[in-house]
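Predicted model only: the values in this text are computed from it and were never measured. Chain A is the first sequence line, chain B the second, and so forth, proteins listed ahead of strands; every chain is numbered from 1.
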Protein chains: 2
Amino acid sequence: MTDTYPDQAFAKHDHRHCIKAALREAARICRERNGRLTEQRQRVLELVWKSHKPVGAYVILEQLRADGFNGAPPTVYRALDFLLEHGLIHRIESLNAYTGCAHPGEQHSGQFLICSHCQRVAELDDLKVKKAIRNSAALHGFKADHQVIEIRGLCPQCQDH
Amino acid sequence: MTDTYPDQAFAKHDHRHCIKAALREAARICRERNGRLTEQRQRVLELVWKSHKPVGAYVILEQLRADGFNGAPPTVYRALDFLLEHGLIHRIESLNAYTGCAHPGEQHSGQFLICSHCQRVAELDDLKVKKAIRNSAALHGFKADHQVIEIRGLCPQCQDH
DNA sequence: CCGGGGTTGTTATACTATAACATAACGAAT
DNA sequence: ATTCGTTATGTTATAGTATAACAACCCCGG
Ligand SMILES: [Zn+2]
Ligand SMILES: [Zn+2]
Ligand SMILES: [Zn+2]
Ligand SMILES: [Zn+2]
């Protein structure tokens, strides 16, 4: 398991800790799988984690450039693809944006709570939800594979304005 | 209720029937809500329903043009926005595409089974899933609103290749 | 007939993502 | 160390998705 606070994404916490832990964990996972966590990929992963909300590819690109790196979109998308393949980040379909995976190490499709007000995201992994969906699909003869679950609403902090 | 076959999207059926029913139903709903189902909007709705799989905005545009209509993207997006607002179609986030709503009349976020092989989509409305998600969100103090649920996999017809 | 809100036309542009091909870095085998 | 295949990166161009901004139009009630 990682050392992040997956279920407390909406609570106050030392996020630098999450970033460090995520990088450490990513290194371990890549070593294990013979994936090459290159400088670039690591940098992109860090930028994704640094943002407290899902971040778009072109924002990442800007930040890389601000760091004196002179890249183009494919650079960023390739890094993101690598990170997605290795289960280190997730893509939020309804935002065209990317966010760090709260419990990397196995391929999975997460369930995301997305605050419409502050844009922060929490990743869940609720078995009941998964099962309900799998059952529902099975009832229709459908063999479920990957699932996109993105729930919009208000996080605890944003409910009372 | 509509006269379509929501739960049998993967089964063989006379789709012309679905299209007609959807248009009739749309007319009724718009009348009821004082929404103007103009020629254009109706045409777009029809094109969305005609496709047996979710259809992109630019595909719709092409088809309108093939019909001698000389339009631009905003035309299509405006029609789509109208149809979305009135709950007559859904947007499939993971495909950037649009599909007819199987049970229009109330605002809702559907649950979609999307076949990775034939691209067809079935819309479900499973209470257990909804509740599981609502509960899961509530456990984290999150007030859920709209939910995007898109399940990729293989439909009954496509499971044996 | 007039006026105002809603609808459509039109042009331009923003934002997101990939194709295609050249070059470079790496790592195992000789 | 040299070679060679693989993987990663650089670079340019382009595809695909969506909206801004403003003008013209149409419909309907007053
Ligand atoms: Zn995850
Ligand atoms: Zn919030
Ligand atoms: Zn629906
Ligand atoms: Zn299928």
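Between Arg91(A) and Glu93(A) there is a salt bridge, with a side-chain nitrogen of the basic residue lying less than 4.0 Å from a carboxylate oxygen of the acidic one.
In terms of position along DNA chain D, the nucleotide closest to Arg36(A) lies nearer the 5' end than the nucleotide closest to the other residue of the pair Pro74(A) and Arg36(A).
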Output side-chain donor-acceptor pairs under 3.5 Å for residues 51-60 of chain A, partner residues at least two apart or in another chain, one line each.
residue  : atom : partner  : partner atom : Å
Ser51(A) : OG   : Lys53(A) : N            : 3.1
Ser51(A) : OG   : Lys53(A) : O            : 2.4

Sequence neighbours excluded and cut-off under 3.5 Å, please list the side-chain donor-acceptor pairs for residues 63-71 of chain A, or say none.
residue  : atom : partner  : partner atom : Å
Arg65(A) : NE   : Gly71(A) : O            : 3.2
Arg65(A) : NH2  : Gly71(A) : O            : 2.6
Asp67(A) : OD2  : Arg43(A) : NE           : 3.0
Asp67(A) : OD2  : Arg43(A) : NH2          : 2.2

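Summarising the geometry, the separation between OH on Tyr77(A) and C1' on dG10(D) is reported as 17 Å, rounded to the nearest angstrom. Atom-to-atom, CD of Glu39(B) to C1' of dC26(D) comes out at 15 Å; the value is rounded to the nearest Å. Note: CZ (Arg78(B)) to C1' (dA24(D)) measures 12 Å, nearest angstrom. Atom CG of Asn70(A) is separated from atom P of dG10(D) by 9 Å (rounded to the nearest Å). The CG atom of Leu61(A) sits 12 Å away from the P atom of dG10(D) (whole-angstrom rounding). Here dA8(D) presents its C1' atom at 12 Å from CZ of Phe69(A), a figure rounded to the nearest Å.
In this structure, Gln111(A) contributes its side chain and Ile133(B) its backbone to no donor-acceptor pair below 3.5 Å.
No side-chain heavy atom of Leu139(A) sits under 4.5 Å from any side-chain heavy atom of Asn135(A).
Interface remark: the Tyr58(B) side chain does form a donor-acceptor pair with the dA18(D) base, using a distance-only criterion of under 3.5 Å.
Checking Gln157(B) against Arg120(B) by side-chain atom types alone, a donor-acceptor pair falls below 3.5 Å.
Contacts between chain B and DNA chain C, taken as any atom within less than 4.0 angstrom of a protein heavy atom, begin and end at dT7(C) to dT11(C).
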